[in-house]
Amino acid sequence: MNPRILVVGHIYNNTGIGITLTNLFTKIPKENIAFISINGNFSNQNYNSCFLLGKKEYNYIFPLNWMMKISDSKIISPESILVANHKKGKKWQFYYKFLNPFLHGMGLYDDRIRYKVSDDLENWIKSYNPDIIYSALGSYSMCCFFKKIMDCFPEKRYAVHLMDDWLHSQANNKLIFRKKYENKLDFVFRSILTRTQIKIVISEKMAKEYSRIYREKFIWFHNPVDTNRFYAENRPSRTEKSIIYIGKINKDNYDVINDLIMALPAINERKNCHLQIYTPTEKTYLNSKLSLNQFVTLHQAVPYETIPTILSQGDLLFLPLSFRKESIRYTRLSISTKLSEYMATGRPLLVYAPENIAITEFVRNNECAFILSEKNPEILAEKIVFILTAQEKDIKSVVNKAVQISREKFDYDRVTSQFSKLWDDELA
């Protein structure tokens, strides 16, 4: 059975969610998957079509409607070529420097966009005729939009997939109207759940907690990985060791990445090493948040297919999460997309993150990574020196266990087959 699936909100791209979607849906024939999104810059062509939302389907609140230009909606195919507009004028700079923080502070950020189901969109959904409509949601405004689609198509089956605990952490950044925001988000999400047949989250810890809170059955699926493609048997042989971090740098990790940078001079007194950072984050942000030194090299983001080769060159893979209370609220139930990829490489992995969050509990319970759960650059330096100077036999058991667990829990063929079976079972 090959059900027709419609994904609302996110698309295939090189973000954490985009990579997870790409991998999970890999066994769905391309003619059986379509998207609805604001963003049409796909990272691959394994889809049928995408309804690119336009001025008929969403608008911005004042004064953003004066600042943000919205194009006409259009239907794009894998063969479509979209020209990205990266020009950032004075209005854009004013928005991100002044209005963006103001909207966050007032608790209005997720109200800045208002969605609706236009006649064109409704007719397109009817013509595509999906068996299941799926969304990772991600915001209050997207929840409202998804609910409107449900109202238009009450006979359809629905699936939601929460990739992190944004439901219970977004309001923590609201300085005003916090309780009101929490209540309306909770209300719309619960109304979606009552009409959703398949409820998915990103980790086992999250599945247990959400099942308790919402009294609904949640199952969990993490990012699957082609373990054979990521595995590199031979460790690099060179005098200078390489520590690698790949991914975004933001409020949930810049401080702990900075701890590593601050530890590098002490590490280099005992073992020559260099930190290689591959990130899509803009250099202006990096320069403002990180204390860069001669032991760090910044690289731009790389295509996903090149990541296994880059990771294979590492002597240590670094996976950090902030110890700040605000970040812990957001990350405590999540497991990074990178974890399964790092584990599959056969390279030592260091998780630098708080205790009692999902990722730390997972690697500790499975003994598949080195862990430091105390925010301390001096201790971090000692931990890294130990890993980089250790004999092969001293780290082999941890590395081998990581590879074993990645193949048991995250293997591409196994997980994608289970994921595809979800839809078949629902429609049986």
Side-chain angles (χ1 to χ4, degrees), residues 14-16 19 223 225 230 232 235-236 238 240-268 271-283 285-304 306-324 327 331 334-354 357 359-360 363 368-373 375-377 379-381 383-388 399 402 406:
N14 288 327
T15 65
I19 290 169
N223 177 45
V225 59
F230 272 81
R235 295 183 69 181
R238 55 175 173 253
E240 184 178 75
K241 300 296 184 180
S242 179
I243 304 172
I244 292 179
Y245 172 78
I246 298 180
K248 291 185 294 185
I249 297 177
N250 56 27
K251 62 181 178 60
D252 295 317
N253 62 14
Y254 78 83
D255 56 329
V256 279
I257 291 175
N258 212 38
D259 283 352
L260 173 56
I261 294 173
M262 293 169 60
L264 286 171
I267 296 170
N268 273 273
K271 189 66 180 178
N272 290 341
C273 75
H274 206 86
L275 172 61
Q276 308 286 346
I277 296 176
Y278 296 82
T279 181
T281 306
E282 292 187 359
K283 280 198 173 181
Y285 181 87
L286 299 177
N287 290 330
S288 69
K289 296 296 184 182
L290 303 181
S291 303
L292 298 171
N293 56 40
Q294 70 269 30
F295 304 114
V296 183
T297 300
L298 297 177
H299 306 268
Q300 292 183 335
V302 295
Y304 181 70
T306 67
I307 289 178
T309 301
I310 292 171
L311 293 179
S312 71
Q313 298 304 308
D315 296 282
L316 175 63
L317 309 181
F318 189 57
L319 209 170
L321 286 171
S322 179
F323 289 76
R324 295 168 57 246
S327 294
T331 61
S334 303
I335 292 185
S336 168
T337 301
K338 293 185 285 292
L339 178 65
S340 54
E341 298 166 353
Y342 283 12
M343 287 173 56
T345 61
R347 297 288 179 264
L349 163 62
L350 174 59
V351 173
Y352 184 42
I357 65 173
I359 193 167
T360 309
V363 296
C368 57
F370 296 93
I371 306 167
L372 179 58
S373 293
K375 190 179 188 301
N376 188 313
I379 298 177
L380 178 62
K383 193 84 170 180
I384 291 174
V385 168
F386 166 76
I387 298 170
L388 294 181
V399 170
S406 72

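Residues take their numbers from the sequence shown, with the count starting at 1.
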Heavy-atom closest contact (Pro354 atom, Leu321 atom, distance):
CD-O, 3.7 Å

What pair of heavy atoms forms the shortest contact from Ala232 to Ser312, and how long is it?
CB-CB, 3.5 Å

Report the C-alpha separation of Asp259 and Lys375 in whole Å, then their side-chain angles, then the decisive distance to 0.1 Å, and conclude whether the salt bridge (Lys or Arg N to Asp or Glu O under 4.0 Å) test is met.
CA-CA 8 Å; Asp259 283 352; Lys375 190 179 188 301; 3.0 Å; yes

Asn14 side chain near Pro280 side chain, heavy-atom distance below 4.5 Å
no

Please give me the minimum heavy-atom distance between Ile387 and Pro348, naming the atom from each residue.
CG2-CB, 3.8 Å

Let me confirm one number: the NZ-CG distance from Lys241 to Asp315, rounded to the nearest 0.5 Å.
4.5 Å

Within-4.5 Å side-chain heavy-atom neighbours: Phe370 and Leu349:
no

Just verifying a value: how many Å separate Ile243 CD1 and Leu316 CG, rounded to the nearest 0.5 Å?
5.5 Å

Let me confirm one number: the CG-CZ distance from Asp255 to Phe323, rounded to the nearest 0.5 Å.
8.5 Å

Main chain of Tyr254, side chain of Asn258: is a donor-acceptor contact present, judged purely on distance under 3.5 Å?
no

Derivation of the side-chain contact (heavy atoms from CB on, under 4.5 Å) call for Ser336 and Ile359
CA-CA 7 Å; Ser336 168; Ile359 193 167; 4.2 Å; yes

Nearest heavy-atom neighbours spanning Ala263 and Ala381
CB-CB, 3.9 Å

Working to the nearest 0.5 angstrom, can you tell me the gap between Leu290 CG and Lys283 NZ?
12.0 Å

Closest non-hydrogen atoms of Thr279 and Gly247, given as atom of the first, atom of the second and distance, are OG1-O, 2.8 Å

With a 4.5 Å cut-off on side-chain heavy atoms, are Val363 and Leu319 touching?
no

Is there a side-chain contact between Ile384 and Leu264, using heavy atoms and a 4.5 Å cut-off?
no

List for me each residue that meets side chain to side chain contact (heavy atoms under 4.5 Å, CB included) alongside Ser327, sequence neighbours excluded, and say none if there are none.
Asp252, Ser322, Arg324

If you define the side chain from C-beta out and look only at heavy atoms, does anything of Thr345 sit under 4.5 Å from Pro308?
no

Phe318 side chain reached by Ile244 side chain, heavy atoms, under 4.5 Å:
no

Return the minimal non-hydrogen interatomic distance between Asn376 and Tyr352, and the atom names on each side.
N-OH, 3.0 Å

Nearest 0.5 angstrom please: Ile267 CD1 to Lys383 NZ, how far?
13.0 Å

Atom pairs and distances, donor-acceptor, side-chain atoms in residues 293-301, under 3.5 Å, two or more places apart:
residue: Asn293; atom: OD1; partner: Phe295; partner atom: N; Å: 2.9
residue: Asn293; atom: ND2; partner: Ile261; partner atom: O; Å: 3.1
residue: Thr297; atom: OG1; partner: His274; partner atom: NE2; Å: 2.7
residue: His299; atom: NE2; partner: Gln276; partner atom: OE1; Å: 2.6

Could you please spell out the steps behind the side-chain contact (heavy atoms from CB on, under 4.5 Å) verdict for Leu380 and Leu350?
CA-CA 10 Å; Leu380 178 62; Leu350 174 59; 3.8 Å; yes

So OH of Tyr342 and CG of Leu317: to nearest 0.5 Å the spacing works out to 6.0 Å

Side-chain heavy-atom pair Ile249, Ile277 within 4.5 angstrom cut-off
yes

Using distance alone, with no hydrogens and no angle criterion, decide if Tyr245 and Asn253 have a side-chain donor and acceptor under 3.5 Å apart.
yes

